[in-house]
Amino acid sequence: MATPPGDPAQPAGRPRRPARPRPRPPRLAPARPARPVRNAPTAPTAPTAPTAPTAPTAPTPPPEGARSPFELVNSVAGIASFLGALMLYAGYIYTNAYFGYFRLNPFAVGLSTFELVMHSLRLATLPVLEMLALALLVPAAPRLLTLLHVPEQQVRRLREFGRAVARAHLGYVVLGVVLMLLWRRIQPYGWTAPLLVAGGLILGLTRAAAPEGETRRAPWERAGSLLVAGLFLIWVAALAAGQLGRQDARADADQLVSRVAVVIMSTERLDFAPPGPHYEDLGKGVHYRYRYTDLRLLLERDHRYYLLRVGWDHATDPTYVIEDDDTVRIELRPGVLPRTDR
C-alpha cells in the first residue's frame, strides 16, 4: 500500500514513544525559625574529655652579649663603688705624701672626706687621660675603621693582632711579677709592674683571649681575676698618688716665695725655732708690739695657720703652726712673683 504524500516514512523496527514532559522541582517555602518550647526536656550532653595540660613554652634566650637591666644596674653600681673607694684612697695617699713632705699629718690637719676625693683629681693628668681614652678606643677600632671605609683585609689584620695581644695576657702578668722582683731598679717607674699584672688579668677576661670553642669563663674565675686586678689597680693608684704628691710638694717648696705672704702681729714675743722669721720690735706704746715677716702660708685650717719661712729647707727647717687668738693678728699679703725671662 502506497504512503500518502506529506506523511514521512516510518523506519523499520520499534515505533517511537512519545516524549514525556520533565517534572519541575517543587518550590520550597522559606524556613521559619523554630519557636523555643518552654519546659522542654533537654537531651543529656556527653561529657567532654579533659584536655591534656600544655607544656609551658621555654623563654626565648637573650641574644649573645645582651644583658638584662638588672645586670647593667648591678655592674654600674659596682664600678661606681669601686671608683669612689679608689678616689678616696688615692686622695689620702696624695695628701699624706704632700703634707708629709712638710712634716704634717692630713688627719691632724683636719681634711674632710670631700677634700680627700677632690685631691685625688690631681691624678687626672694629661698622660693618664690619654691612656684611658686609648683603652676605650682600642676595642672599637675595627668598627671605626669600617665606618671610615678602610679595606676589609686591613681590618681583619687588625682584629687578628688584637686577638694575639689578648691571648698573650699571661705574658704580661709574668712580666709584671719579674719587674716586682727588680723593684729597686725600676724606680721611679715602679707603678708599671702592678699595672702590667692588672692589665694582663683584665685582658684575660675579654672574648678575644678565650680559646676557640670556649665562649665564657667560669664565674668564680672571672670573680677571682677581677678581685686581684682591682687590688693591683689600687696599688697602682697609691704608687702614682704618692709619687705625684711628693713631686708637687717639692715644686711648691722651690717656689715658696710666690705663695701668700703672712705677717704676724703679736702682743707678746713668740718663740720660733731657729732659723725663725724676720723679727721687729715696734716699741712699748704699740698694742701689737712684735712683728714677724718673711713667712709664707702653706695651709689655713680652723683658725690655725701652717707657715714656712722664705728659703725653707726640707732637711733642717721646721713648719710653724700659729693659732689665731686675741693676742695675735694675722695679715695676709701677696707673695713675690718669681722673675721670668721675657
Side-chain angles (χ1 to χ4, degrees), residues 84 87-125 237-238 240-282 286-340:
M87 292 179 66
L88 182 61
Y89 181 68
Y92 165 72
I93 296 297
Y94 174 84
T95 54
N96 189 39
Y98 181 87
F99 291 109
Y101 186 80
F102 300 105
R103 303 179 184 87
L104 295 175
N105 191 333
F107 288 116
V109 170
L111 296 178
S112 63
T113 304
F114 177 76
E115 289 175 319
L116 293 178
V117 173
M118 293 303 296
H119 278 98
S120 68
L121 297 179
R122 182 65 182 85
L123 296 176
T125 57
Q243 181 178 350
L244 187 59
R246 288 185 292 271
Q247 290 179 358
D248 290 348
R250 295 191 191 100
D252 290 345
D254 294 338
Q255 301 295 331
L256 191 61
V257 68
S258 62
R259 299 181 70 89
V260 176
V262 178
V263 176
I264 301 177
M265 308 295 296
S266 177
T267 59
E268 299 177 0
R269 187 169 180 175
L270 303 177
D271 294 331
F272 285 94
H278 181 70
Y279 159 73
E280 294 181 72
D281 187 354
L282 302 181
V286 181
H287 179 68
Y288 293 102
R289 179 176 177 177
Y290 304 99
R291 180 168 64 183
Y292 300 89
T293 56
D294 291 344
L295 294 171
R296 293 297 183 267
L297 179 65
L298 176 63
L299 180 68
E300 186 273 329
R301 178 71 52 180
D302 296 332
H303 300 286
R304 290 183 180 179
Y305 293 83
Y306 300 86
L307 308 176
L308 304 172
R309 75 174 188 91
V310 176
W312 183 83
D313 187 8
H314 171 71
T316 58
D317 291 353
T319 300
Y320 305 122
V321 182
I322 304 298
E323 188 171 358
D324 189 8
D325 55 16
D326 296 338
T327 63
V328 174
R329 187 181 73 188
I330 304 295
E331 296 180 0
L332 303 180
R333 298 182 180 182
V336 179
L337 297 178
R339 182 177 297 178
T340 58

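When reading the values below, keep in mind they use all heavy atoms of this one structure, side chains included, and skip hydrogens, waters and symmetry mates.
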Tell me, with the steps shown, if V262 and L332 meet side chain to side chain contact (heavy atoms under 4.5 Å, CB included). CA-CA 5 Å; V262 178; L332 303 180; 3.8 Å; yes
Is it true that, when you exclude [X] itself, more than 12 heavy atoms of the residues, nucleotides or ligands shown sit nearer than 6.0 Å to its [atom1]?
| X | atom1 | answer |
| --- | --- | --- |
| F102 | CZ | yes |
| H303 | NE2 | no |
| R301 | CZ | yes |

Shortest non-hydrogen contact between [X] and [Y], atoms and distance:
| X | Y | result |
| --- | --- | --- |
| A273 | P318 | CB-CG, 4.1 Å |
| A90 | L123 | CB-CD1, 3.6 Å |
| A108 | Y306 | O-OH, 4.3 Å |
| G110 | E115 | O-OE1, 4.3 Å |

Do we get R309 above Y292's six-membered ring, with its NZ or CZ under 6.0 Å from the centre and within 45° of the axis? no
H119 and F99 aromatic ring geometry - parallel, tilted or perpendicular at 30°/60° bounds: perpendicular
Donor-acceptor side-chain pairing of Y101 and D248 below 3.5 angstrom: no
Looking at [atom1] of [X] and [atom2] of [Y], how far apart are the two atoms once the value is rounded to the nearest 0.5 Å?
| X | Y | atom1 | atom2 | value |
| --- | --- | --- | --- | --- |
| E300 | D324 | CD | CG | 8.5 Å |
| R333 | T293 | CZ | OG1 | 8.5 Å |
| R291 | S266 | CZ | OG | 13.0 Å |
| L282 | Y290 | CG | OH | 10.0 Å |
| H314 | T319 | NE2 | OG1 | 9.5 Å |
| H287 | M265 | NE2 | CE | 10.0 Å |

Below 4.5 Å, heavy atoms only, C-beta onward: do [X] and [Y] meet side chain to side chain?
| X | Y | result |
| --- | --- | --- |
| L307 | I264 | yes |
| L297 | R259 | no |
| L308 | D317 | no |
| L295 | I322 | no |
| Y94 | L244 | yes |

